[in-house]
Amino acid sequence: MPASRPYQPLLLRLLHGLTGGCAIAAILTAYWTYTTYDNRWGGLPLPLWRAVEGIHGTFGLWTLLLFPALTIYALRRGQNRLLQTNTADHLQQIGQPIWWYTLHRATNSLMLLALTTALFTGKMMDSTWLPQGELTHAWYYAHLTAWVGLVMALALHLLMSAKIGGRPLLLSIWDWRFRPQDHPRHWWPQILQSHKTWSLDAIALWVQTLTAYKVAEISILLSLAIAWIAPLFK
Ligand code: HEM
Ligand code: HEM
């Protein structure tokens with residue numbers, strides 16, 4: 001593999017590919033669910049297919065299961081691809097390369113926010129509402145709005161990736177070849193190594209040095225946990 005080609009760590013490609021694949025399947029089946037049961041704002045003439053709602057729910061659930069791992073990766077090892085503390089300064093340098101890089105990082109970060117919102121509002125849905133013609137629930141409107149937000153964020157994510165790195169960057173995240181040092185057999189020793197350094201002191205230090213990334217990580221994971229628990233009390 002030529003060294004000049006953009007290279008994405010294998011773990012990122014796995015987590016991104018699985019979560020992104022399920023999320024895109026959820027977005028497409030969501031649209032079909034909308035045209036089958038609702039269609040108040042018009043849409044493509046897709047055949048009516050009532051079973052698509054359950055298929056959408058399944059892809060949604062898979063996304064919800066995988067997304068915490070991508071979140072933890074992105075907010076730890078992938079921090080340099082997300083918003084940085086000097087974002088405000090960089091955004092003033094309009095048209096400069098750093099301005100484009102900052103926008104690119106902003107859209108990567110936006111993906112985390114947009115997907116969290118879609119998953120959270122999805123968990124608040126009730127599978128009987130649409131088949132019973134109940135189309136005015138607040139959570140249903142929130143879930144529809146989250147779909148629009150996610151599609152717009154995804155479009156920006158792709159446009160900014162294309163602008164920054166063109167076709168090679170876009171393809172690099174879906175390339176399954178990897179460098180020897182990135183082999184999965186090295187992952188477990190790395191996890192064990194970091195586990196050895198866990199102690200009460202280390203945890204206390206972790207809490208003391210709360211950064212924006214840690215706050216974002218805790219907020220996203222907490223909201224996904226609430227999304228699992230809250231429907232049990234409906
Ligand atoms: C809903 C689906 C998707 C989600 C939730 C998502 C989310 C993300 C996130 C959070 C990152 C940053 C990772 C990090 O910080 O290490 C990222 C990076 C990236 N994504 Fe996606 N993504 C999605 C779909 C796609 C698609 C369809 C493409 C098309 C090629 C794509 C291309 C990329 C690329 C090239 C990067 C690396 C950017 C860089 O090196 O800065 N993503 N994605
Ligand atoms: C046009 C937009 C959308 C419509 C009409 C829609 C419709 C629905 C319906 C009717 C349900 C209840 C079905 C069930 O629980 O089995 C549901 C649940 C769900 N949706 Fe969506 N959805 C949309 C967008 C999205 C998007 C973009 C995502 C995330 C990528 C998503 C993720 C989920 C999740 C996680 C559930 C919960 C599944 C479960 O608990 O079984 N939805 N959605």
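Atoms within each ligand, like the ligands themselves, are counted from 1 in listed order. Predicted model, so just to flag it, every value in this text is computed and none were measured.
Numbered from 1 in the order shown, with element, the atoms of ligand 1 that lie under 4.0 Å from a heavy atom of Leu170 read 30 (C). Close contacts between ligand 1 and Ala23 involve ligand atoms 1 (C) [criterion: under 4.0 Å to a heavy atom]. Near Gly78, with a cut-off below 4.0 Å to any heavy atom, the atoms of ligand 1 are 14 (C), 15 (O), 16 (O). Ligand-side atoms of ligand 1 in range of Leu154: 24 (C), range being under 4.0 angstrom from any heavy atom. The atoms of ligand 1 that sit less than 4.0 Å from any heavy atom of His104 are 38 (C), 39 (C), 41 (O). Of all atoms in ligand 1, numbered sequentially from 1 with element shown, those under 4.0 Å from a heavy atom of Leu169 are 35 (C), 40 (O). Ligand-side atoms of ligand 1 in range of Leu115: 5 (C), range being under 4.0 angstrom from any heavy atom. Under a 4.0 Å criterion applied to the non-hydrogen atoms of Leu112, ligand 1 contributes the atoms 10 (C). Near Gly60, with a cut-off below 4.0 Å to any heavy atom, the atoms of ligand 2 are 32 (C), 34 (C), 35 (C). If you number the atoms of ligand 2 from 1 as listed, the ones under 4.0 Å from a heavy atom of Ala26 come out as 30 (C).
In terms of protein heavy-atom proximity, atom 40 (O) of ligand 2 is closest to Lys123 NZ, 2.9 Å. Closest to atom 37 (C) of ligand 2 among all protein heavy atoms lies Gly122 O, 3.4 Å. Closest to atom 10 (C) of ligand 2 among all protein heavy atoms lies Glu53 OE2, 3.1 Å. Atom 16 (O) of ligand 2 has as its closest protein heavy atom Gly57 CA, 3.9 Å. Of all protein heavy atoms, the one closest to atom 18 (C) of ligand 1 is His157 CE1, 3.7 Å. Ranking the protein heavy atoms by distance from atom 29 (C) of ligand 2 puts Ala118 CB, 3.7 Å first. His143 NE2, 2.6 Å is the protein heavy atom nearest to atom 42 (N) of ligand 2. Scanning the protein for heavy atoms near atom 8 (C) of ligand 2, the closest one is His56 CD2, 3.4 Å.
Inter-residue side-chain proximity for Glu217 and Ile72 is flagged as met; some heavy-atom pair is nearer than 4.5 Å.
If you look at Leu158 next to ligand 1, the close heavy atoms, those under 4.0 Å, all belong to the side chain. Residue contacts with ligand 1 for Ile164 are absent, since no atom lies close enough (heavy atoms, distance under 4.0 Å). Contact annotation: for Asp38 versus ligand 2, there are no heavy atoms closer than 4.0 Å. With a heavy-atom cut-off of 4.0 Å, Ala30 touches ligand 2 through backbone and side chain alike. Residue contacts with ligand 2, taken as heavy atom pairs separated by less than 4.0 Å, do not involve Leu64 at all. With a 4.0 Å cut-off on non-hydrogen atoms, Phe67 does not touch ligand 1 at all.
At least one donor-acceptor pair under 3.5 Å links the side chain of Tyr31 to the backbone N or O of Leu44. A distance-only check finds no donor-acceptor pair linking the side chain of Arg50 to the backbone of Thr36 [under 3.5 Å].
Exactly one residue among Thr121, Asp126, Asp38 makes a side-chain hydrogen bond (donor to acceptor under 3.5 Å, both in side chains) with Tyr140. That residue is Asp38.
Between Gln79 and ligand 1, no pair of N/O atoms sits closer than 3.5 Å. The shortest N or O to N or O distance between His16 and ligand 1 is below 3.5 Å. Between Arg81 and ligand 1, an N or O atom pair is found at a separation short of 3.5 Å.
Put simply, no part of Thr63 is less than 4.0 Å from ligand 2, judged by heavy atoms. Ligand 1 lies within reach of Gln8, whose nearest heavy atom is under 4.0 Å from it.
No side-chain donor-acceptor contact under 3.5 Å links Glu53 and Thr33.
The number of heavy atoms from other shown groups lying within 6.0 Å of CZ (Arg167) does not exceed 12. For CH2 of Trp41, the number of neighbouring non-hydrogen atoms (other residues, nucleotides, ligands) closer than 6.0 Å is greater than 12.
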